[in-house]
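A quick write-up on the structure given underneath.
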There are 2 protein chains.
Amino acid sequence: MTAGVEYGLHCLLWLASSPGTPLSSRDLADFQGISRSFLAKVFPKLEKAGIVSASEGINGGYLLARQPGDITVLEVIDAIEGKKPLFDCQEIRGRCAVYRERPPSWATKGVCAIHAVMLRAEKAMRDSLASQTLADIAGDLGGKAPPEFSDDVRKWLADRTKGRTRSGATEDRALS
Amino acid sequence: MTAGVEYGLHCLLWLASSPGTPLSSRDLADFQGISRSFLAKVFPKLEKAGIVSASEGINGGYLLARQPGDITVLEVIDAIEGKKPLFDCQEIRGRCAVYRERPPSWATKGVCAIHAVMLRAEKAMRDSLASQTLADIAGDLGGKAPPEFSDDVRKWLADRTKGRTRSGATEDRALS
DNA sequence: ATAACTCAGACAATTATAGTCCGAGTTATG
DNA sequence: CATAACTCGGACTATAATTGTCTGAGTTAT
Ligand code: FES
Ligand code: FES
């Protein structure tokens, strides 16, 4: 499982906690101390999948395209990783030396028993991931932070957007 | 999931179908048309895990160390891949810019909610894999092949060992 | 009109995987 | 008993994917 998934899911949770106001990928990256450019490569995939919607311009950013309860973790993973299978069978059963280069039909018919076991395991994993939505995760997480924290976050983001005038340069104050 | 798992599992099935007589990693590789050297790197891991036992010498090879019904697919995968987690959390929740480099204890306490979802999914997958043994797979697979096939395989292996004298060079007849 | 911001796709560096190679030790052969 | 071919075992190199960086086109408040 790639690291982009962790980045993407955490960002989506922050988006869920600030409905209505768009957050830019740059702010989200600085806010969490991760690479701006890399995150900027993750979000387009989420937009193509219809999970977030982008708005351009100086106060633009990303917004959740649906309700947090309608977005499953599985959707997010597939959007970022590209729905690649957990196990890619290379059909080695057809290369058996006994067949002399032309395997009989009964050998390659259907799915290999080993492959079938893997597919079942993959389905179990995907079912588990599909049963959890962003709202579920946010609920588990929200109980831990003290009430004042939510305000601190809003303040940080406000300070950030306040600098977006012609005079006050933003700089990279969050880095270094 | 790596390709070595597919090779290893298929080899173990062949081992299960010929109890008592050891099969060498070289023969197993040629028999299935895969790389000898690569397979020779997979089997030591299976031996360290106590799944197969090795015997040296000119007629040596590998033997199943336990009954096929006592070897789960999960064991084999862990032996070959090294029990690496499906998702390695990088604890990005602790890098939030609001904390200014020293995150409070309530933020990093316990397991991140996202990580927890992944762990649950991984457990579902592992449970599914642990419920299947080599005997189960062999049973599913054995019903497909016609009865004559089993004899053909034995014959192929016998021809192979027959050439192991000082006069009849083995050559790489199975390759090319 | 400007200037700073936004997204978006093309470009390297790193890491893990797949595959190859050669050496030490063992056993049937003659 | 000497040989020779086989066995396993770990160290080495090529390849593919992932991570991360860079530069360019377009949009919106000033
Ligand atoms: S041929 Fe691919 S798993 Fe059996
Ligand atoms: S910090 Fe790693 S998943 Fe949340």
Side-chain angles (χ1 to χ4, degrees), chain A residues 1-8 11 21-30 33-48 52-63 80-82 84-85 87-88 90 92 160-172 175, chain B residues 1-8 11 21-30 33-48 52-63 80-82 84-85 87-88 90 92 160-172 175:
Chain A
M1 186 103 57
T2 87
V5 172
E6 181 171 358
Y7 298 165
C11 288
T21 58
L23 299 180
S24 71
S25 93
R26 172 186 257 206
D27 284 358
L28 281 168
D30 289 352
I34 59 181
S35 160
R36 295 174 176 178
S37 311
F38 187 51
L39 198 58
K41 213 169 48 170
V42 169
F43 266 101
K45 300 177 188 173
L46 292 173
E47 196 195 5
K48 286 198 183 73
V52 300
S53 62
S55 54
E56 304 218 330
I58 191 165
N59 274 342
Y62 288 102
L63 217 62
I80 295 176
E81 299 214 319
K84 68 182 167 198
F87 174 86
D88 60 333
Q90 310 193 5
I92 69 172
R160 186 92 178 179
T161 52
K162 199 160 62 183
R164 300 199 208 295
T165 75
R166 199 169 291 182
S167 52
T170 298
E171 297 296 337
D172 290 4
L175 295 176
Chain B
M1 186 102 59
T2 85
V5 173
E6 181 172 357
Y7 297 167
C11 289
T21 57
L23 299 180
S24 72
S25 94
R26 173 187 257 207
D27 284 357
L28 281 168
D30 289 352
I34 60 180
S35 160
R36 295 174 176 179
S37 310
F38 187 51
L39 198 59
K41 212 171 49 172
V42 169
F43 266 102
K45 300 178 188 172
L46 292 173
E47 194 194 7
K48 286 199 184 71
V52 299
S53 62
S55 55
E56 302 218 329
I58 191 166
N59 273 341
Y62 288 102
L63 218 61
I80 295 176
E81 299 213 320
K84 68 184 168 199
F87 174 84
D88 61 333
Q90 311 194 6
I92 69 171
R160 187 92 178 177
T161 50
K162 200 160 60 183
R164 297 200 211 296
T165 75
R166 198 169 289 183
S167 52
T170 299
E171 298 294 337
D172 291 5
L175 295 175

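Basis for what follows: all heavy atoms, side chains included, without hydrogens, waters or symmetry-related copies. Residue numbering restarts at 1 for every chain, and letters A, B, ... go by the order of the sequence lines.
- Atom CZ in B/Arg26 sits about 6 Å away from atom P in D/dC6, given to the nearest Å.
- The two residues A/Val42 and A/Ile80 come nearest to each other via the heavy atoms CG1-CD1, 3.9 Å.
- Residue A/Ile80 contributes atom CD1, which lies 17 Å from atom C1' of D/dA17 at whole-angstrom precision.
- Residues forming a side-chain contact (heavy atoms from CB on, under 4.5 Å) with B/Glu56 (at least two apart in sequence, or on another chain): none.
- Both A/Ser55 and A/Lys48 lie close to DNA chain C; mapped to their nearest nucleotides by heavy-atom distance, the more 5′-ward contact belongs to A/Ser55.
- A donor-acceptor pair under 3.5 Å is absent between the side-chain atoms of A/Gln90 and the main chain of B/Ala3, judged by distance alone.
- Counting to the nearest Å, the P atom of C/dT6 and the CD atom of A/Glu56 are 11 Å from each other.
- What separates CG of A/Asp30 from P of D/dG20 is a distance of 15 Å, to the nearest Å.
- Across the helix from C/dA1-D/dT30 to C/dG30-D/dC1, the helix axis at one end is tilted relative to the axis at the other end by 0° (nearest 10 degrees, each axis from five pairs).
- With sequence neighbours excluded, the residues satisfying side-chain contact (heavy atoms from CB on, under 4.5 Å) with B/Ala29 are B/Ile34, B/Arg36, B/Leu39.
- In this view, A/Glu81 and A/Thr2 satisfy the side-chain hydrogen bond (donor to acceptor under 3.5 Å, both in side chains) rule, not counting sequence neighbours.
- For the pair A/Phe43 CZ and C/dC7 P, the interatomic distance rounds to 8 Å; values are reported in whole Å.
- Put simply, CG on B/Leu63 is 15 Å from C1' on D/dC8, counting in whole angstrom units.
- In the set D/dG9, D/dT7, C/dA8, D/dG9 carries the atom at the smallest distance from any side-chain atom of B/Pro44.
- Applying the 4.0 Å criterion to OP1 and OP2 of C/dC7, one finds that A/Ser25 has a side-chain N or O inside that range.
- Minimum interatomic distance between A/Gly60 and A/Pro22 (heavy atoms only, all atoms of both residues): C-CB, 4.2 Å.
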Nucleotide by nucleotide, nucleotides 15-21 of chain C touches protein heavy atoms under 4.0 Å in the pattern (B base, S sugar-phosphate only, - none) --SSBBB
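- The closest side-chain heavy-atom distance from B/Leu28 to B/Tyr62 is not below 4.5 Å.
- To the nearest angstrom, P of C/dC7 lies 16 Å from NZ of A/Lys45.
- Between C/dT6, D/dT7, C/dA8, one nucleotide has an atom nearer to the side chain of A/Glu47 than all others, and that is C/dA8.
- A search for side-chain hydrogen bond (donor to acceptor under 3.5 Å, both in side chains) contacts involving A/Ser53 returns nothing, not counting sequence neighbours.
- Rounded to whole Å, atom P of C/dA3 lies 19 Å from atom CG of A/Asn59.
- Shown here for A/Gly4 and A/Phe38, the closest heavy-atom pair between the two residues is CA-CE2, 4.2 Å.
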